[in-house]
A.B. asks: 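Please read through the structure below; I'll follow up with questions.
Order of appearance sets the numbers: ligands from 1, and atoms from 1 within every ligand. Source: prediction; values computed, not measured.
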Amino acid sequence: MGKPTGFLEFQRQSEGYEPVEQRLKNYQEFVARLTDDKAKVQGARCMDCGIPFCNNGCPVNNNIPDFNDAVYKGNWREAIEILHSTNNFPEMTGRICPAPCEAACTLGINAEPVGIKSLEHAIIDKAGENGWVVPQPAEQKTGKTVAVVGSGPAGLACAQQLARVGHDVTVYEKNEDIGGLLRFGIPDFKLDKRLIDWRAAQMAAEGVKFVTKTMVGKDMPNGVANDAVKVVAASKLMKDFDAVVLAGGSETPRDLPIPGRELAGVHYALEFLIPQNKQNGGGRKNPINAAGKHVVVIGGGDTGSDCVGTSNRHGAASVTQFELLPKPPEAENKPLVWPYWPTKLRTSSSHNEGCVRDWSIATKEFVGENGKLKALKCVRLDWKDGKPVEIPGSEFTVPCDLAFLAMGFTNPVASMLDAFGVAKDTRGNAAATTDGDGCYATSVGKVFAAGDVRRGQSLVVWAIREGRQCARAVDEFLMGSSLLPR
Ligand SMILES: Cc1cc2nc3c(=O)[nH]c(=O)nc-3n(C[C@H](O)[C@H](O)[C@H](O)COP(=O)(O)OP(=O)(O)OC[C@H]3O[C@@H](n4cnc5c(N)ncnc54)[C@H](O)[C@@H]3O)c2cc1C
Ligand code: SF4
């Protein structure tokens, strides 16, 4: 372990943030990783507490006490090896993971938890700068071929694992560049897209082929991003490859079919965020401009928060975020919930940049003038026995020129699953289990599923976990056994 008395001596170290007025002027990342000295102090606070609950709280089961110790001792190279042994993309999770590991940290029961995510961030960035992250091509090729449909974190993690044990992997992506929601959903100010290019270069050197602007299966519904100029039939993949992994995410956005939905100014969140990411990457200007507008974001999660941050960078006149559910408590009841992920009020860096937040609100109507959105009619809710009841007389109207629907995603695009004839679960996800024989296998022979397409809308770290575990299942299917981690 790090320093036996470290947790008694040292306070949690925080990463540096650029001031709000500065960071709102651009779309660049604004969180500065810990200095080496601060990282050492952070690592020293780990108690190596016997049963590392953090390791279980982390979906990829990072060996957290081990890399904490390595950082404390200044063994950065060892730290990145420990981190990479469980996580293909710590440069992503070190920036955008909500860090359920920290909710499970034993020190967090009665003090501030170890800043695990900040150590992950520091380790991978230092490793990148020092050239310690190099391609790991397989020593021997197996002659087996695998198609991965979708290049989000699940597809990429799966592809990297499979390539490293010698399979020929081709990743198909319908959008113009790889990365899934990492590339086109999550804004640059949270995740610099050059990190995806950097990882992709490593993967290409390991033998992974990327085929972009190519859709597998049939049509995409409205509201789902699609830059494809080519279509590949599911039957062709089934003929050409020894195994197929579906990692297409959960892309169907939840709609709000109330009066006025057709008005100009009402958009799904990704209709705003995707063009912004493309513009920042050198593409054409975002056709939705929030400058000087009254923006209301409907939905209180990550996607909504990203719309808040992007609207503020545009220079919106006002930014408001409404949530249907009641306001969660400011702090959790630790003894009741530890080591699990607690329900509590979460305030993102985007919220801190300026935003009015309100809870228990239902939007009843989009009000327009000459076809353009001008206001929202809303009502306050009283939640009784888990059910919302409208409060009589609580109706109100707010000015609104742009409304972003950020209420989550209901299910994967059905036509992709149907093209392969894959059975769905009750929520419309690809049906496949995650343990036991046949895990990650769908109802169709040699077709596997991982990430949001299987588990529904989730987190990057869960997608990486599923991609890794699915790779093992595919390797076992192809070779009879596998040395990839479970
Ligand atoms: C705006 C936003 C912000 C988020 N912020 C965070 C965050 O801060 N932290 C966090 O942990 N999680 C966040 N999430 C959730 C996270 O991004 C997802 O859970 C994760 O990306 C899922 O990974 P995936 O690989 O399963 O799918 P995706 O990332 O959705 O990737 C699927 C890919 O498959 C492609 N595809 C689909 N169908 C086809 C087809 N038929 N042919 C070819 N290609 C196809 C898609 O174009 C897409 O590129 C956010 C989500 C959104 C929408
Ligand atoms: S991936 Fe997420 S949960 Fe796991 S150690 Fe990193 S920040 Fe914590």
A.B. asks: Less than 4.0 Å between a side-chain N and a carboxylate O, is that true for Glu129 and Arg33?
C.D. replies: yes
A.B. asks: More than 12 heavy atoms of other residues, nucleotides or ligands under 6.0 Å from NZ of Lys230: yes or no?
C.D. replies: no
A.B. asks: Are the ring centres of Trp359 and Phe322 closer than 6.0 Å?
C.D. replies: no
A.B. asks: Name the closest protein heavy atom to atom 6 (C) of ligand 1, giving the residue it belongs to and the distance to 0.1 Å.
C.D. replies: Asp302 OD2, 3.4 Å
A.B. asks: In the shown structure, where waters are left out, how many protein N, O or S atoms lie under 2.8 Å from atom 6 (Fe) of ligand 2?
C.D. replies: 1
A.B. asks: Tell me whether the guanidinium CZ or amine NZ of Arg454 lies under 6.0 angstrom from the six-membered ring centre of Trp462 and within 45° of its axis.
C.D. replies: no
A.B. asks: Please classify the Lys190 to ligand 1 contact at 4.0 Å (heavy-atom distances, strictly less than): side chain, backbone, both or neither.
C.D. replies: side chain
A.B. asks: Would you check the N or O atoms of Leu181, main chain and side chain alike, for any that come under 3.5 Å of an N or O of ligand 1?
C.D. replies: yes
A.B. asks: Looking at Phe272, does the NZ or CZ of Arg313 lie under 6.0 angstrom from its six-membered ring centre and within 45 degrees of the ring axis?
C.D. replies: no
A.B. asks: Any salt bridge between Lys190 and Asp306, counting N to O under 4.0 Å?
C.D. replies: yes
A.B. asks: Please report which non-hydrogen protein atom sits nearest to atom 43 (C) of ligand 1, along with the residue it belongs to and the distance in Å to one decimal place.
C.D. replies: Lys174 N, 3.3 Å
A.B. asks: Taking only Lys NZ, Arg NE, NH1 and NH2, and the carboxylate oxygens of Asp or Glu, determine whether Asp418 and Lys424 approach each other closer than 4.0 Å.
C.D. replies: yes
A.B. asks: Less than 6.0 angstrom from the centroid, inside 45 degrees of the normal: does Lys278 satisfy that with respect to the ring of Phe184?
C.D. replies: yes
A.B. asks: Please classify the Arg183 to ligand 1 contact at 4.0 Å (heavy-atom distances, strictly less than): side chain, backbone, both or neither.
C.D. replies: neither
A.B. asks: Tell me which pairs pass side-chain hydrogen bond (donor to acceptor under 3.5 Å, both in side chains) where either residue lies in residues 77-89, with sequence neighbours left out.
C.D. replies: Asn62-Thr86, Asn75-Glu78, His84-Arg199, Asn87-Thr93, Asn87-Glu120, Asn88-Gln160, Asn88-Gln161, Asn88-Arg468
A.B. asks: Answer side chain, backbone, both or neither: which part of Val149 comes under 4.0 Å from ligand 1, heavy atoms only.
C.D. replies: side chain
A.B. asks: Is the shortest distance from a Lys or Arg side-chain nitrogen in Lys213 or Asp227 to a carboxylate oxygen in the other one below 4.0 Å?
C.D. replies: no
A.B. asks: From atom 2 (C) of ligand 1, work out which of Thr303, Ile274, Val224, Ile464 has a heavy atom at the shortest distance.
C.D. replies: Thr303
A.B. asks: May I ask which of Gly152, Gly180, Pro153 has a heavy atom nearer to atom 21 (O) of ligand 1 than the others do?
C.D. replies: Pro153
A.B. asks: Distance to 0.1 Å, residue and atom name: give those for the protein heavy atom nearest to atom 12 (N) of ligand 1.
C.D. replies: Val460 N, 3.5 Å
A.B. asks: Any ion pair linking Lys40 and Asp36 (charged N to carboxylate O, less than 4.0 Å)?
C.D. replies: no
A.B. asks: In the protein, what heavy atom is nearest to atom 42 (N) of ligand 1, and what distance, to one decimal place, separates them?
C.D. replies: Val216 N, 3.0 Å
A.B. asks: Of Val171, Val461, Asp452, which has the heavy atom at the shortest distance from atom 22 (C) of ligand 1?
C.D. replies: Asp452
